[in-house]
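Fair warning: this is a prediction, and the values are worked out from it, not measured in the lab.
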2 protein chains.
Amino acid sequence: MQITRAGEYGVLGLLNLARRAPAELVMIDDVSRQEAIPKSFLAKIFQSLVKAGIIKSTRGSGGGFALAKAPEQISVLQVIEAIEGKIAFQRCQQEEPDCEHVGGCALCSLLGEAQDSLKEVFSKTTLADLLKPKTAPGQNHRRGNLQKLAETN
Amino acid sequence: MQITRAGEYGVLGLLNLARRAPAELVMIDDVSRQEAIPKSFLAKIFQSLVKAGIIKSTRGSGGGFALAKAPEQISVLQVIEAIEGKIAFQRCQQEEPDCEHVGGCALCSLLGEAQDSLKEVFSKTTLADLLKPKTAPGQNHRRGNLQKLAETN
DNA sequence: GTCTCAAAGGATAGTTTTTGTCCGATTTAT
DNA sequence: ATAAATCGGACAAAAACTATCCTTTGAGAC
């Protein structure tokens with residue numbers, strides 16, 4: 001139950017682009033080096049993002065990648081789904097439309113709810129939000145987690 | 001981004017037990033057949049649930065499994081974490097405590113939020129809830145999803 | 001006691017997904 | 001032309017998931 005590295009790399013790569021001038025063309029090699037992401041892997045990830053219309057690419061000498069939209073208009077959900085495919089918790093209604101599990105459909109409902117909840121978190125956050133130096137007061141999850149770690153150690 | 005089959009089987013297996021008389025001992029073979037889950041696999045899954053104290057087992061002739069607590073006291077989160085391990089979205093603070101990603105910590109925060117959101121959904125729902133014939137009005141996610149399917153097809 | 005039944009636990013194997021790598025093709029600027 | 005850079009597909013290694021099998025352990029029946 002995790003985001004894949006590909007998804008994570010995708011977001012980090014996009015944030016790298018977002019930190020620059022709006023239409024600046026950046027080579028995969030630069031992003032790869034600065035974010036410590038394997039180059040060939042990042043290239044594949046960026047390909048998906050191009051297909052999804054999130055970044056645009058220019059080939060040839062002097063080419064590279066740039067965001068296709070403003071960071072405010074790119075949600076983390078868009079990025080993750082472009083890379084990993086649509087978030088789909090419910091096996092029932094995706095692969096097995098004829099859910100035969102006794103009482104299984106209640107589980108399907110729950111999985112649907114979980115999925116919606118996750119999607120909401122990822123869709124309400126844009127790249128621009130992630131670039132802001134601090135999270136809003138009362139929503140600082142990093143601090144919360146550090147506290148938890150302190151408790152258990 | 002999915003629950004594993006093991007997790008799903010675990011919940012379905014437990015629901016099977018929950019539908020019976022409180023302390024009735026049920027053999028793995030019965031559950032396996034009724035829920036159409038591979039027997040050996042379910043055996044492994046139930047082992048995890050025993051270790052987690054969610055079910056109790058009796059060996060030997062006439063033995064089997066029964067819930068260790070009332071269905072109202074078993075949350076889906078407990079079940080999933082017993083089988084799949086703790087839900088942990090944040091690679092940063094789990095495996096790589098020294099998060100070096102430029103701007104990566106904002107992502108860590110977001111993943112933390114996603115994780116909490118998911119956990120809440122799974123922890124607020126118990127086996128007893130899943131046994132209820134209908135979900136509460138206004139929370140019928142199944143209907144919601146069927147509508148979505150109807151739209152896209 | 002010993003026989004049988006059923007779970008416990010470990011080893012192992014097959015499949016799928018993830019995480020890359022490599023290389024030739026294509027496009028672009030110079 | 002040539003060099004630079006992405007595109008696209010094939011391929012490979014590693015990890016996770018999904019089982020299966022077999023021996024051991026514990027409990028009850030006789």
Who are the side-chain contact (heavy atoms from CB on, under 4.5 Å) partners of A/R59, not counting sequence neighbours? none
Validation: residues 37-50 of chain A side-chain donor-acceptor distances under 3.5 Å, sequence neighbours left out:
residue, atom, partner, partner atom, Å
A/K39, NZ, A/D29, OD1, 3.3
A/S48, OG, A/K44, O, 3.4

Who are the salt bridge (Lys or Arg N to Asp or Glu O under 4.0 Å) partners of A/E24, not counting sequence neighbours? A/R20
Determine all donor-acceptor pairs shorter than 3.5 Å in which one atom belongs to a side chain in residues 64-74 of chain B; sequence neighbours excluded.
residue, atom, partner, partner atom, Å
B/K69, NZ, B/Q78, OE1, 3.1

Give, ordered by number, those residues of residues 54-62 of chain B having at least one heavy-atom distance below 4.0 Å to an atom of DNA chain D; if nothing qualifies, reply none. B/R59, B/G60, B/S61
Scan residues 20-33 of chain A against DNA chain D and write down, sorted by residue number, each residue with any heavy atom closer than 4.0 Å; if none is found, say none. A/M27, A/I28
Going 5' to 3' through nucleotides 14-20 of chain C and flagging B where a protein heavy-atom sits under 4.0 Å of the base, S where only the sugar-phosphate is that close, and - otherwise, we get -----SB
Between which nucleotides of DNA chain D, read 5' to 3', does contact with chain A run, using atoms under 4.0 Å from its heavy atoms? D/dA4 to D/dA10
Need one value for B/F46: base, sugar-phosphate or nothing, where a base atom within 4.0 Å counts as base even if backbone is also close, heavy atoms only. nothing
Qualifying side-chain hydrogen bond (donor to acceptor under 3.5 Å, both in side chains) pairs, either residue in residues 79-88 of chain B, two or more places apart: B/T4-B/E84, B/E81-B/K86
When clusters are formed by joining ILVMFWY residues with side-chain heavy atoms under 4.5 Å apart, either directly or through shared neighbours, do B/M1 and B/V11 land in the same one? yes
Using the rule that Ile, Leu, Val, Met, Phe, Trp and Tyr join whenever any side-chain heavy atoms are under 4.5 Å apart, tell me whether B/L25 and B/L15 fall into a single cluster. no
With sequence neighbours left out, what residues match A/S32 under side chain to side chain donor-acceptor pair (under 3.5 Å)? none
Any residue meeting side chain to side chain donor-acceptor pair (under 3.5 Å) with B/K56, in chain and number order, not counting sequence neighbours: none
When you compare the side chains of A/S117 and B/S117, does any donor N or O come within less than 3.5 Å of an acceptor on the partner? yes
Have a look at A/L110 and tell me which of B/V121, B/I3, B/D129 forms a side-chain contact (heavy atoms from CB on, under 4.5 Å) with it. B/V121
Less than 4.0 angstrom between a side-chain N/O of B/Q47 and OP1 or OP2 of C/dG9, yes or no? yes
Give the C-alpha distance, both sets of side-chain angles, the deciding distance and a yes or no for side chain to side chain contact (heavy atoms under 4.5 Å, CB included) between B/V76 and B/T126. CA-CA 6 Å; B/V76 175; B/T126 67; over 6 Å; no
Of all pairs that satisfy ring pair (Phe, Tyr, Trp, His ring centres under 6.0 Å), the ones with a partner from residues 14-34 of chain A, not counting sequence neighbours: none
